[in-house]
Amino acid sequence: MKKDIRKAIIAGNWKMNKTPSETSVLINEIAPLVKDAGCEVITCVPYVDLSAAVEATKGTNIKVGAENCHWAESGAFTGEISAAMLKEVGVEYVVLGHSERRQYFGETDETVNKRTKAVLKAGLKPIVCVGELLWERECNITEEVIARQIKLDLWDVTAEELKNVVIAYEPVWAIGTGKTATAEQAEDVCAFIRAQLGKLYGEEAAAGVTIQYGGSMNDKNADELLQKENVDGGLIGGASLVAEKFAAIVKAATVN
Ligand code: 13P
């Protein structure tokens, strides 16, 4: 039912893993396993691996994403990468506002918003990550945190641009911890995100947005999570580095 109105997307977030040559090897392993996928399949890789990923995915159904992007078009920003640079390399998606960037690199909702707008302006598709800390969940303010992130991260993004935005709900306490949100917890927050989008953009626009779950999603728990009405896909860390596990998650998205 939900597939009638929005596409399921399984994206690997490789984080700081794999060299360019290792990238080609892993994509060559993944490609035959996901060739019949009934969902969109993306590998988001480190900047230096992007060219190898674009080359290795040629002629396959796998799309390539970056893991971040600067908001300026060009200029004195040593070490940074612009949306135009990513576009020219052949990137289609960009992960933005990942909790590791917020936690370790001073990313704020304001900079996530600036990056989101820059990525959209360049014709790329942002995967905007939101999620609460364990402390925030325990204090019962998950919805406040998420509502604030959605509003600020998408500030000034138009309804037309929203069609190219993917949201990833990643509870910070579930990332890399082996502690997955239950399917009910994931559904509750993904449904809440859609309701917030509905308030900002109207229900019809909100109904079309792909909302992924991320946080220790793997080949064992993907099926249950992806069965949920508002969980349209996954942003996968650890399990995306193992071809068989990643392919099993793609399969779960295909049947649900
Ligand atoms: P893990 O799947 O390793 O928990 O990572 C999730 C994540 O952060 C994806 O962006």
Side-chain angles (χ1 to χ4, degrees), residues 1-13 34-44 61-65 92-97 112 116-117 119-120 123-131 142-143 146-147 149-151 153-171 180-215 217 221-236 240 246-256:
M1 172 76 184
K2 62 185 178 186
K3 281 190 193 141
D4 297 344
I5 42 176
R6 50 186 177 261
K7 60 183 170 196
I9 304 179
I10 298 297
N13 172 11
V34 302
K35 68 179 185 352
D36 300 319
C39 64
E40 204 153 305
V41 182
I42 311 169
T43 51
C44 301
N61 55 335
I62 304 174
K63 300 189 164 160
V64 176
E92 190 170 329
Y93 287 88
V94 186
V95 176
L96 294 174
V112 175
T116 301
K117 285 194 288 190
V119 160
L120 287 165
L124 300 174
K125 298 172 187 166
I127 300 176
V128 179
C129 303
V130 297
T142 298
E143 292 194 346
I146 301 289
Q149 289 174 334
I150 291 291
K151 189 154 192 184
D153 296 354
L154 299 184
W155 183 255
D156 219 12
V157 168
T158 66
E160 193 52 35
E161 287 173 325
L162 186 72
K163 293 179 183 160
N164 287 322
V165 174
V166 175
I167 305 285
Y169 167 53
E170 298 208 313
T180 322
T182 64
E184 287 69 32
Q185 287 171 324
E187 168 64 14
D188 282 352
V189 181
C190 289
F192 178 77
I193 290 170
R194 199 173 309 286
Q196 293 306 298
L197 293 173
K199 279 189 196 164
L200 298 171
Y201 295 97
E203 270 179 35
E204 202 184 319
V209 177
T210 297
I211 303 177
Q212 302 173 308
Y213 167 78
M217 196 191 246
N221 58 28
D223 192 57
E224 197 187 348
L225 287 158
L226 293 166
Q227 276 176 30
K228 293 293 180 188
E229 185 64 29
N230 287 287
V231 180
D232 307 315
L235 185 56
I236 324 294
S240 73
F246 186 62
I249 299 169
V250 168
K251 198 167 170 200
T254 300
V255 298
N256 281 299

In Å, rounded to the nearest 0.5 Å, how long is the span from [atom1] of [X] to [atom2] of [Y]?
{"X": "Ile146", "Y": "Ile150", "atom1": "CD1", "atom2": "CD1", "result": "7.0 Å"}
{"X": "Ile127", "Y": "Leu235", "atom1": "CD1", "atom2": "CG", "result": "6.0 Å"}
{"X": "Leu225", "Y": "Thr180", "atom1": "CG", "atom2": "OG1", "result": "7.0 Å"}
{"X": "Leu197", "Y": "Arg194", "atom1": "CG", "atom2": "CZ", "result": "7.5 Å"}

How far apart are the C-alpha atoms of Leu226 and Met217, what are their side-chain angles, what is the distance that settles it, and do they pass the side chain to side chain contact (heavy atoms under 4.5 Å, CB included) test?
CA-CA 10 Å; Leu226 293 166; Met217 196 191 246; 4.0 Å; yes
Enumerate donor-acceptor pairs with a distance under 3.5 Å from any side-chain N or O in residues 198-207 to protein atoms, sequence neighbours excluded.
{"residue": "Tyr201", "atom": "OH", "partner": "Leu154", "partner atom": "O", "Å": "3.4"}
{"residue": "Tyr201", "atom": "OH", "partner": "Val157", "partner atom": "O", "Å": "2.8"}

Non-neighbouring partners of Asp188 that pass side-chain contact (heavy atoms from CB on, under 4.5 Å), sequence neighbours left out:
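With sequence neighbours excluded, Asp188 shows a side-chain contact (heavy atoms from CB on, under 4.5 Å) to no residue whatsoever.
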By side-chain contact (heavy atoms from CB on, under 4.5 Å) - contacts of Ala191 (at least two apart):
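Ala191 satisfies side-chain contact (heavy atoms from CB on, under 4.5 Å) with Glu187, Asn230 once adjacent residues are dropped.
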Quick check against the 3.5 Å criterion: does [X] have a side-chain atom that pairs as donor or acceptor with the backbone of [Y]?
{"X": "Gln196", "Y": "Ile193", "answer": "no"}
{"X": "Thr210", "Y": "Lys7", "answer": "yes"}
{"X": "Gln185", "Y": "Thr182", "answer": "yes"}
{"X": "Ser240", "Y": "Gly12", "answer": "no"}
{"X": "Gln212", "Y": "Gly234", "answer": "yes"}
{"X": "Asp232", "Y": "Ile211", "answer": "yes"}
{"X": "Asn61", "Y": "Asp36", "answer": "no"}
{"X": "Glu40", "Y": "Ile10", "answer": "no"}
{"X": "Gln149", "Y": "Gly131", "answer": "yes"}

Is Glu161 atom CD crowded by more than 12 heavy atoms from other residues, nucleotides or ligands, each under 6.0 Å away?
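Yes, CD of Glu161 has more than 12 neighbouring heavy atoms, counting only those of other groups under 6.0 Å.
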Taking salt bridge (Lys or Arg N to Asp or Glu O under 4.0 Å) as the test, write out the residues that go with [X], two or more places apart.
{"X": "Glu92", "result": "Lys63, Lys125"}
{"X": "Lys251", "result": "none"}
{"X": "Asp156", "result": "Lys117"}

If every non-hydrogen atom of [X] is compared with every non-hydrogen atom of [Y], which pair is closest and at what distance?
{"X": "Val41", "Y": "Phe246", "answer": "CG1-CE2, 3.7 Å"}
{"X": "Leu96", "Y": "Val119", "answer": "CD1-CG2, 3.9 Å"}
{"X": "Tyr169", "Y": "Cys190", "answer": "CB-SG, 4.1 Å"}
{"X": "Pro171", "Y": "Tyr213", "answer": "CD-CE1, 3.6 Å"}
{"X": "Ala37", "Y": "Val250", "answer": "CB-CG1, 3.4 Å"}

Kindly indicate, with the supporting measurements, whether the criterion side chain to side chain contact (heavy atoms under 4.5 Å, CB included) is fulfilled by Val128 and Val166.
CA-CA 6 Å; Val128 179; Val166 175; over 6 Å; no
Apply side chain to side chain contact (heavy atoms under 4.5 Å, CB included) to the pair Val112 and Thr116, showing each step before the final yes or no.
CA-CA 6 Å; Val112 175; Thr116 301; 4.0 Å; yes
Evaluate the side-chain proximity of Ile236 to Asn13: yes if any heavy-atom separation is below 4.5 Å, no if none is.
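No, every pair of side-chain atoms sits at 4.5 Å or beyond.
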Please step through side chain to side chain contact (heavy atoms under 4.5 Å, CB included) for the pair Cys129 and Val95, ending with a clear verdict.
CA-CA 7 Å; Cys129 303; Val95 176; 3.8 Å; yes
